[in-house]
**Q** 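Quick one: structure below, then a few questions.
This structure is a prediction, so every number in the text was calculated from the model and none was measured.
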Amino acid sequence: MAIVVEVQLGVDPDKPYVWPVYVTQTRARHRCPTGLLVVTINAAMARWCSRPIDTGHPGWTLTPLVLGPQGVPVVTDAEQAKAAPEVAVLSAMAHGQSEAAEAIGVAFFEAADELDEERRAVYGDLVLSSLNAAARRKLEAMMKSGYQFQSEFARGYVAKGRQEGILEAKAHDVLVFLEARGLEVPAEVRERVLASTDIDELDRWVRRAAVISDARELLATTGS
């Protein structure tokens, strides 16, 4: 059997016309029974995707199989996340805006050490980007308060996220300071400031931004 998998995040009036084509083409290519599975993380979209498609041919109405948020379990147990990490990721995507978001995130990061390096990075990004802002802040607060994740990856990942946030904020301060003083910020200066990964360097630039008369002078004195 073949399965055509479609990820649908918004209403697309073309899909009721092209989905039957995908199914028939795949069936002809592989010469086997073929189904259509639509994945969405929005309940309203799940209802839209589930509507039967009347192809116009007698007896052929295509009703997509739909995996929506109601079909994805809420994974808040680390052992469950460890046994099925992809389901844990889907749980974050489907329920990351709910009250369970924090518990979902904790469960995933507790189980993350069981994954290979590539999947840890990709899945970690997906999970964090799917959680609501309150849940992301709580994960960082747990780290600051001394909560010890069992996962080495979790400790490094959350700390990395906090470090990146500090760098981004300081780079923003440098640029805002220059612009507030009426100084034109050339593209190369802006790119260099935003690309900096040195907190001490950014701190020096904040102080320099208060006294220089040309934004280009910021880069000319990076060693001072």
Side-chain angles (χ1 to χ4, degrees), residues 1-112 114-139 157 161:
M1 181 178 183
I3 301 176
V4 176
V5 180
E6 281 276 289
V7 176
Q8 198 67 30
L9 302 180
V11 173
D12 185 343
D14 289 334
K15 290 305 174 73
Y17 297 96
V18 298
W19 281 343
V21 177
Y22 296 165
V23 171
T24 54
Q25 285 182 338
T26 303
R27 179 175 178 273
R29 182 182 307 117
H30 297 286
R31 297 184 177 276
C32 66
T34 301
L36 170 67
L37 173 64
V38 182
V39 180
T40 181
I41 57 175
N42 181 282
M45 277 305 306
R47 290 190 294 271
W48 182 84
C49 296
S50 300
R51 296 185 305 179
I53 300 171
D54 184 359
T55 66
H57 188 282
W60 186 25
T61 298
L62 176 63
T63 302
L65 303 173
V66 178
L67 176 61
Q70 292 182 334
V72 178
V74 179
V75 179
T76 58
D77 178 74
E79 290 303 317
Q80 186 180 0
K82 188 180 300 183
E86 286 76 16
V87 176
V89 175
L90 282 175
S91 178
M93 296 174 69
H95 308 292
Q97 300 302 308
S98 70
E99 294 181 356
E102 178 191 330
I104 292 171
V106 170
F108 170 79
F109 281 108
E110 291 285 16
E114 299 294 318
L115 300 171
D116 58 78
E117 184 176 351
E118 181 177 0
R119 285 196 299 166
R120 281 202 303 264
V122 173
Y123 291 178
D125 284 343
L126 278 172
V127 169
L128 277 187
S129 65
S130 298
L131 300 181
N132 59 49
R136 289 197 300 270
R137 287 195 298 268
K138 188 62 181 291
L139 284 173
Y157 197 97

**Q** Return yes when atom CD of Glu99 has more than 12 non-hydrogen atoms of other residues, nucleotides or ligands closer than 6.0 Å, and no otherwise.
**A**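 No, not enclosed.
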
**Q** For Pro69 and His95, work out which heavy atoms get closest and say how close.
**A**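 Result for this residue pair: O-CE1, 3.1 Å.
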
**Q** With rounding to the nearest 0.5 angstrom, report the OG1 to CG distance, Thr61 to Asp54.
**A**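 If I round to the nearest 0.5 Å, the distance is 4.5 Å.
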
**Q** Any side-chain heavy atom of Trp48 sitting closer than 4.5 Å to one from Thr40?
**A**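 The answer is no; the side chains never approach within 4.5 Å.
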
**Q** What is the distance from atom OH of Tyr123 to atom CG of Asp116, rounded to the nearest 0.5 Å?
**A** 8.0 Å

**Q** Distance from Met1 atom CE to Thr34 atom OG1, nearest 0.5 Å?
**A**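 Rounded to the nearest 0.5 Å, the CE-OG1 separation comes out at 7.0 Å.
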
**Q** Say you draw a straight line from CE of Met45 to OG of Ser50; how long is it, rounded to the nearest 0.5 Å?
**A** 9.5 Å

**Q** Measuring from Cys49:SG to Arg51:CZ, what's the distance to the nearest 0.5 Å?
**A** 9.0 Å

**Q** Does some side-chain heavy atom of Leu115 sit less than 4.5 Å from a side-chain heavy atom of Phe108?
**A** yes

**Q** At their closest point, which heavy atom of Leu131 faces which heavy atom of Ala101, and how far apart are they?
**A** CD2-O, 3.5 Å

**Q** Indicate the atoms forming the closest heavy-atom contact of Ile104 with Ala88, along with that distance.
**A**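 Where Ile104 meets Ala88 most closely, the heavy atoms are CG2-O, 4.3 Å.
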
**Q** Specify the closest pair of heavy atoms between Thr76 and Ala103, including all atoms of both residues, with the distance to one decimal.
**A** CG2-CB, 3.6 Å

**Q** Counting N and O atoms only, with roles assigned by atom type, does the side chain of Thr24 sit under 3.5 Å from a partner on the main chain of Val21, one being a donor and the other an acceptor?
**A** yes

**Q** Looking at side-chain heavy atoms only, is the closest gap between Glu114 and Pro85 below 4.5 Å?
**A**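 They are not in contact (no side-chain heavy atoms under 4.5 Å apart), so the answer is no.
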
**Q** Looking at every heavy atom in both Ala44 and Asn42, which two are closest together, and how far apart are they?
**A**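 So the two residues come closest at N-OD1, 2.8 Å.
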
**Q** Donor-acceptor check, side chain of Thr55 to backbone of Trp60, threshold 3.5 angstrom: yes or no?
**A** yes

**Q** Verify, without hydrogens or angle tests, whether Glu110 (side chain) and Gly105 (backbone) share a donor-acceptor contact under 3.5 angstrom.
**A** no

**Q** Distance check, rounded to the nearest 0.5 Å: Trp19 atom CH2 versus Leu62 atom CG?
**A**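 Here the interatomic distance stands at 9.0 Å.
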
**Q** Please name the pair of heavy atoms, one in Pro73 and one in Val87, separated by the smallest distance, quoted to 0.1 Å.
**A** CG-CG1, 3.6 Å

